[in-house]
Amino acid sequence: MHIAFAASECVPFSKTGGLADVVGALPRALAALGHKVSVYLPRYRQTKLADPQTVVRSITIPFDDKYRFCSVVTAGANTPAGVRFYFVEYPPYFDREALYGSPAGDYPDNAERFALFSRAVIEASKVLGVPHVFHCHDWQSALVPVMLRTIYAEDPAFRDVATVFTIHNMGYQGLFPSDTLPLLMLPWDLLTMSKMEFFGQVNFLKGALVLSDYVTTVSKKYSQEIQTTEYGFGLEGVLRDRAATVTGILNGVDYDEWSPQTDKFTVAKYSPQDLSGKLQCKKDLLNAFGIANVDANSKVPVIGIVSRFAAQKGFDLIAQIMDRLAREEMIMVVLGSGDKPYEEMFVRMNKQFPNKIACKVAFDNAIAHKIEAGSDMFLMPSRYEPCGLNQIYSLKYGTVPVVRATGGLDDTIEPWDARTGKGTGFKFSDYTGEALLATIKQALLSYQDPSSWQTLMRNGMSRDFSWGASAREYGKIYDRARQVRASADAVAASDLKKEPVLG
Ligand code: ADP
């Protein structure tokens, strides 16, 4: 089967979060199962290509104000077998400092930017190979299924092409003023409650949820949560209406990148059989964060955080308990960037507790690896978490996750039971500072018993979340999406036959 991915980020070309890890790894796992995979991405300023070759010289994208002309290039050498990467090139939109916005906020022309990208993907596929399935991800490529079922509905090239849409985060929907529709040459009748209208605005994500043949999200638990008011961000009804074609497939992780035995960013390697290298990684981490008295402090448990600084990630809870947590014997190292108030909060905490809390405000992959390897525990108290990757990396590094039981965090972490020696981490349910503090204290107490702590570490290290099983599940969903499309075609054809003959 030929599957074409359309997404806004992908490791190693562009990244702001977990979406990039998924789009970097899943196509390779699908190719290993024998599928042909094309991946379409925007070519940003940060996209480094070894040997770019133009494969489509000019694609005309009509907008209401004027035509825009973009091209498509390939990555050149060094791409994994069975996967072709294509980059939509339109420098006025993508040759910018960042992917989605500046510190002042989202780029004001994001609707145009990602509409151009989506339409270019459809047009380019006519030249580079129409796939059996378009697999689109998050609001930035949500217009692919919308366009296929509206402006391209009569195009015979796409009549049988199925669409699968994966939600990586319901919190980002692509909301724009209603007059965006005519600007993008999309029909006004999309602006109805049953299609893309959302409180007077146009909602890209909603369009994909309504018009794709199959909808997936990145864990079983999250696929249920987003059908409730608490987690649905106003789209829970849309998802409930099509519950029969909504499912959750847990993300895998790429152990070529994230393994303590081969990690290229750490000073020492270690394995479940020989954990000794972890202590060297811990000392290196403390050094990197400027913690004094490294040798003495290496006996103190280190709690690591690597995160986007966003409300979703539970930083308000950390703020509530910080003063009390600082009285415990522990060190916290934090790497993150994003919302200014959270950045400032950690910088303030560092001033207040210089020997307890250290923070780097940055997006830095090498430091992220050092934290996974050098910490004893990894903290993710998320308000919601579609899948979460860091807790899965942490398991492999023997860095015990302390998480809130939501979405993928709940699906991947089993609670530790010291009596039976079973479990992989610590989790709490109530979204309160008290529940978080109690759970961290429980973890700190467990750390005091080295032999049972090592059992806990090894339990996590032995878990396998590689992509193979999830890729096979996606294969089944592509088949089902094609069945859904075939039956929609059959209904459309019989409706045509039923039309009354006039005259
Ligand atoms: P989300 O996609 O919501 O940000 P995930 O846990 O699914 O959360 O994925 C986050 C990914 O981004 C992980 O690979 C993580 O290591 C990486 N990451 C997040 N923040 C940073 C940062 N400040 N520096 C380096 N990597 C980061």
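Ligands are counted one by one from 1 in listed order, and the atoms in each one are counted from 1 as well. Here the structure is a predicted model, which is why all the values come from computation and not from measurement. The figures here come from the full heavy-atom set of this structure, side chains too, leaving out hydrogens, waters and symmetry mates.
Counted by atom type alone, Y393 and D21 present one or more donor-acceptor pairs between their side chains at under 3.5 Å. No hydrogens or angles considered: a donor-acceptor pair under 3.5 Å links the side chains of N169 and Q312. Between the side chains of Y40 and S141, no donor-acceptor pair of N or O atoms lies under 3.5 Å. Of the N and O atoms on the side chains of K269 and S259, not one donor lies less than 3.5 Å from an acceptor on the other residue. Side-chain N/O atoms of T16 and E9 include a donor and acceptor closer than 3.5 Å. Side chains of T247 and T216: no donor on one and acceptor on the other come within 3.5 Å. If you check the side chains of T166 and H135, you find a donor sitting under 3.5 Å from an acceptor.
Under the 4.0 angstrom criterion for non-hydrogen atoms, H168 is not in contact with ligand 1. Taking 4.0 Å as the cut-off, G388 counts as a neighbour of ligand 1 on heavy-atom distance. Heavy-atom distances between A362 and ligand 1 reach below 4.0 Å in at least one pair. A heavy-atom separation below 4.0 Å is not found between Q391 and ligand 1.
Regarding atom 16 (O) of ligand 1, its nearest protein heavy-atom neighbour is N390 OD1, 3.1 Å. Here the protein heavy atom with the shortest distance to atom 24 (N) of ligand 1 is D364 N, 2.9 Å.
Taking the ring pair (Phe, Tyr, Trp, His ring centres under 6.0 Å) definition, one finds that Y214 meets it with nothing, sequence neighbours left out. Contacts of E328 classified as side-chain contact (heavy atoms from CB on, under 4.5 Å), with partners at least two apart in sequence or in another chain: L325, M330, K441, L444.
Not a single N or O atom of T16, backbone or side chain, sits closer than 3.5 Å to an N or O atom of ligand 1. Where the criterion is an N or O separation shorter than 3.5 Å, residue side chain and backbone included, G18 meets it with respect to ligand 1. Inclusion of L389 in the set of residues having an N or O under 3.5 Å from an N or O of ligand 1 is warranted.
The proximity of P386 to ligand 1, defined as any non-hydrogen pair under 4.0 Å, does not occur for either the backbone or the side chain.
At least one test fails for K278 against the ring of Y397: distance under 6.0 Å to the centre or angle within 45° of the axis.
Closest to atom 18 (N) of ligand 1 by heavy atom, among W258, F309, F363, is F363. For the residues K15, Q312, H369, K313, the heavy atom positioned nearest atom 3 (O) of ligand 1 is part of K313.
For ligand 1, the atoms sitting less than 4.0 Å from at least one non-hydrogen atom of R308 are 1 (P), 3 (O), 4 (O), 20 (N), numbered in the order shown with element in parentheses. Taking every heavy atom of S307 and a limit of under 4.0 angstrom, the matching atoms of ligand 1 come to 20 (N). When each atom of ligand 1 is checked for a heavy atom of Y393 under 4.0 Å away, the hits are 14 (O).
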